[in-house]
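Inspection log for the structure reproduced underneath, given as structure tokens.
Each ligand, and each atom within it, is numbered from 1 in the order the structure gives. Heavy atoms only: backbone and side chains are in, while hydrogens, waters and symmetry mates are out. Predicted model only: the values in this text are computed from it and were never measured.
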Amino acid sequence: MDTKALLEKINYCNSLTSYSRRKTIPVKVGDVVIGGDNPIVVQSMTTVDTMDTEGSVEQCIRMIESGCQLIRITAPSIKEAENLQNIKDGLKKRGYSTPLVADIHFTPNAAEIAAKIVEKVRINPGNYADKKKFEVIEYTDESYQEELDRIRERFLPLVKICKEYGTAMRIGTNHGSLSDRIMSRYGDTPLGMVESALEFLRICEDEQYYDIVISMKSSNTQVMVQAYRLLVQKLDEGGFKPYPLHLGVTEAGDGEDGRIKSAVGIGTLLEDGLGDTVRVSLTEDPEFEAPVAKALVDRYEHRASHESITTLSNYPINPFEYNRRETFEVYNFGATNVPRVIADVAAIKEITPKEMKQVGHFYLPELDKWKMNDQGADFVFTGSNPIPFMLPNGMKEIQNYEIWQYNADTENKFPLFSFKEFQSADKFHQKLNFLSLNDIEVAAAIPLIKERTDLVIILKTSNRHNYPALRRAFVHLLENHCKIPVVPQVAYQQQSDDKTMLYTATDIGGLLVDGLGDGVMIDAQAYSDMDRETILRQIKLHNSISFGVLQAARTRMSKTEYISCPSCGRTLFDLQETTAMIRKRTDHLKGVKIGIMGCIVNGPGEMADADFGYVGSGKGKITLYRGKEVVKRSVPSEKAVDELIEIIKKDGMWNDPEA
Ligand code: SF4
């Protein structure tokens with residue numbers, strides 16, 4: 001499809017250059033309204049056993065106090081569904097009226113009870129009327145229709161109850177738990193995810209029931225972003241109502257990784273005005289989730305007044321599938337090279353070898369050697385504070401042109417030009433030069449630089465609508481067939497570590513998910529007046545965020561990926577403790593994906609594309625997986641990590657950690 005035709009077809013957001021929220025129908029959930037003109041709602045999910053009424057009430061209160069406006073509680077069977085009434089009453093007695101959402105998998109009978117008690121029910125279309133057997137089934141159009149009729153029969157009673165009781169519903173598709181029917185027809189794709197929800201949505205609309213919110217979650221941020229965009233597009237094309245969206249990345253993990261992964265997916269969509277409620281899933285206590293969601297959402301409060309961005313007349317990027325922008329190979333940037341990390345250390349005056357450990361390079365004085373860990377930055381930008389010692393082989397230095405041009409070693413150091421310097425410069429590096437451009441300079445620069453194969457652009461913007469402004473600059477380059485590699489650069493004022501993680505993950509992660517960008521650079525200038533220790537700490541954080549964003553956007557793997565569920569009332573072991581234990585033994589396995597799931601009911605489906613899985617299958621019992629295949633059942637939990645490592649070893653994916 002040509003780009004103009006594609007742009008005409010793209011209808012997943014109001015504008016790709018000017019911020020506004022997608023207009024959705026308001027859905028009332030108790031006292032909270034999702035969608036319409038209402039602010040984005042922050043929600044989270046309990047982790048204690050639903051039968052533990054007091055424990056659930058206490059946890060709900062902690063969550064509410066941390067900013068949670070809607071609370072989801074698992075209802076795996078009738079007894080838990082019934083106990084939602086006690087939890088609701090307990091909260092009311094303590095003065096809280098926060099709406100509750102029952103989380104349902106596999107059990108329509110529990111859903112039908114819960115829908116009479118709580119304000120909203122979440123169903124998973126992948127397992128509401130289907131048991132997952134991982135079978136590929138050949139359907140004729142008739143037999144497929146028979147399946148849809150069977151679903152209708154199972155689902156209709158719930159729709160009728162919700163309509164009668166004024167209960168809202170979320171149709172919550174998960175990439176990892178699509179039904180065998182959907183998998184057989186559409187595969188494991190964003191389109192399959194969308195169709196999975198639409199099958200259920202059609203039944204609701206036939207009954208004139210519209211109190212619906214939809215989600216398209218995945219632990220793969222590229223799939224997640226594409227699926228939400230496609231959903232909006234298909235809702236519009238199919239003449240459905242514009243239902244509000246619940247945004248989330250499943251099994252994001254914990255700590256910095258969990259925050260970054262969540263922000264790459266959720267933030268990218270929020271930037272385009274999509275999303276009416278947000279849940280950040282972390283393998284941490286649930287009261288830590290709402291503040292992260294709030295930090296993501298709060299960024300858009302005044303976003304609509306951002307500086308203007310040139311509108312688009314065509315859009316050469318397909319937002320529904322991943323394609324990396326085609327570029328020249330310049331030194332080790334672009335083409336098929338992994339995106340590079342440029343660590344900005346310019347704020348450190350007279351940096352010493354010892355301090356290079358902040359960016360993953362370790363000097364061993366007794367051996368007079370350098371070692372690098374998996375997160376060793378590829379380049380350091382030293383600005384006007386050049387490095388006074390010899391750098392390790394794996395690390396190169398970028399200096400401001402004004403310093404570089406008088407440098408004795410102009411071979412192993414590379415210059416960074418401003419646009420003005422570039423236009424009048426008479427000295428360039430033979431192989432690699434960096435040109436700093438802001439988004440509004442790109443159009444003017446293209447005729448001067450287009451054919452150069454010795455150039456990498458460092459692209460920044462001062463527009464508050466950061467990712468769309470940078471994306472617009474990439475469109476200029478694409479339209480003009482300019483194949484120069486580009487490293488997006490972000491700069492923030494002094495702010496909390498969490499904000500730096502979330503903002504970078506949104507602003508650069510969004511580009512990477514769209515196949516744009518050949519590296520990451522986080523400006524540390526805002527910290528240059530601080531004491532040395534603070535600067536060093538910040539640089540270390542920036543380096544780790546840079547690698548984290550590349551990994552979360554699935555563009556460069558530098559560490560083990562943990563796909564761990566956030567846990568809920570179904571969880572069969574202490575997820576936080578177990579994740580920490582598995583991490584301790586396996587965190588040197590670069591690129592290996594390990595799923596850590598609290599229950600066998602949803603775990604195997606939801607760990608998506610993990611290479612190995614550790615899944616709770618009974619009290620003190622673990623089932624171990626290779627991909628989706630069970631390798632060992634009911635392993636006692638005290639032996640399960642050793643057994644998991646044995647399986648990884650047998651598959652040749654193990655290497656011993658370095659001393
Ligand atoms: S996989 Fe984890 S979060 Fe999902 S239902 Fe099972 S225990 Fe709960």
Side-chain angles (χ1 to χ4, degrees), residues 43-52 55-56 59 63 71-77 79-81 83-84 101-107 110-111 114 121-128 130-132 134 170 172-178 215 217-220 224 246 248-254 258 261-262 279-289 562-580 582 593-610 612-625 628 630 637 640:
Q43 59 171 296
S44 178
M45 185 168 178
T46 59
T47 56
V48 294
D49 186 339
T50 309
M51 293 311 291
D52 174 1
S56 296
Q59 191 172 54
M63 290 161 70
I71 294 180
R72 184 154 51 110
I73 303 177
T74 188
S77 72
K79 68 179 192 327
E80 285 89 358
N83 203 47
L84 292 171
V101 186
D103 195 57
I104 305 290
H105 295 272
F106 299 104
T107 46
V121 174
R122 177 269 167 124
I123 60 129
N124 178 342
N127 60 30
Y128 192 78
D130 295 276
K131 290 256 178 296
K132 188 127 182 99
F134 298 103
R170 168 158 67 101
T173 302
N174 269 5
H175 180 219
S177 56
L178 295 173
S215 63
K217 298 194 188 181
S218 171
S219 71
N220 178 329
M224 178 262 190
H246 163 126
V249 173
T250 50
E251 286 82 39
D254 59 355
K261 200 170 183 185
S262 300
R279 191 251 171 138
V280 169
S281 313
L282 300 173
T283 309
E284 295 177 20
D285 290 340
E287 54 267 37
F288 292 111
E289 295 184 341
Y562 298 95
I563 302 169
S564 58
C565 79
S567 90
C568 71
R570 287 182 190 264
T571 311
L572 289 160
F573 54 82
D574 184 326
L575 251 155
Q576 291 180 41
E577 204 180 275
T578 308
T579 304
I582 296 175
K593 300 198 251 351
I594 301 178
I596 308 165
M597 298 287 146
C599 76
I600 197 102
V601 186
N602 289 330
E606 295 195 10
M607 64 195 179
D609 55 356
F612 302 96
Y614 180 107
V615 179
S617 51
K619 280 271 175 246
K621 297 279 184 261
I622 304 299
T623 294
L624 299 170
Y625 287 74
K628 301 230 179 282
V630 174
S637 55

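The two residues Ala75 and Ala102 come nearest to each other via the heavy atoms CB-CB, 4.5 Å.
Near atom 2 (Fe) of ligand 1, less than 2.8 Å away, sit the protein N, O or S atoms Cys565 SG.
Atom CE of residue Met45 and atom CG of residue Asp103 lie 4.0 Å apart, to the nearest 0.5 angstrom.
Side-chain contact check for Asp254 and Thr579: no donor-acceptor pair (N or O, by modelled atom type) lies under 3.5 Å. For Thr74 and Glu80, the side-chain atoms include no donor-acceptor pair closer than 3.5 Å.
At least one side-chain heavy atom of Arg279 sits less than 4.5 Å from a side-chain heavy atom of Glu289.
For Asp49, there are no salt bridge (Lys or Arg N to Asp or Glu O under 4.0 Å) partners two or more places apart in sequence or in a different chain.
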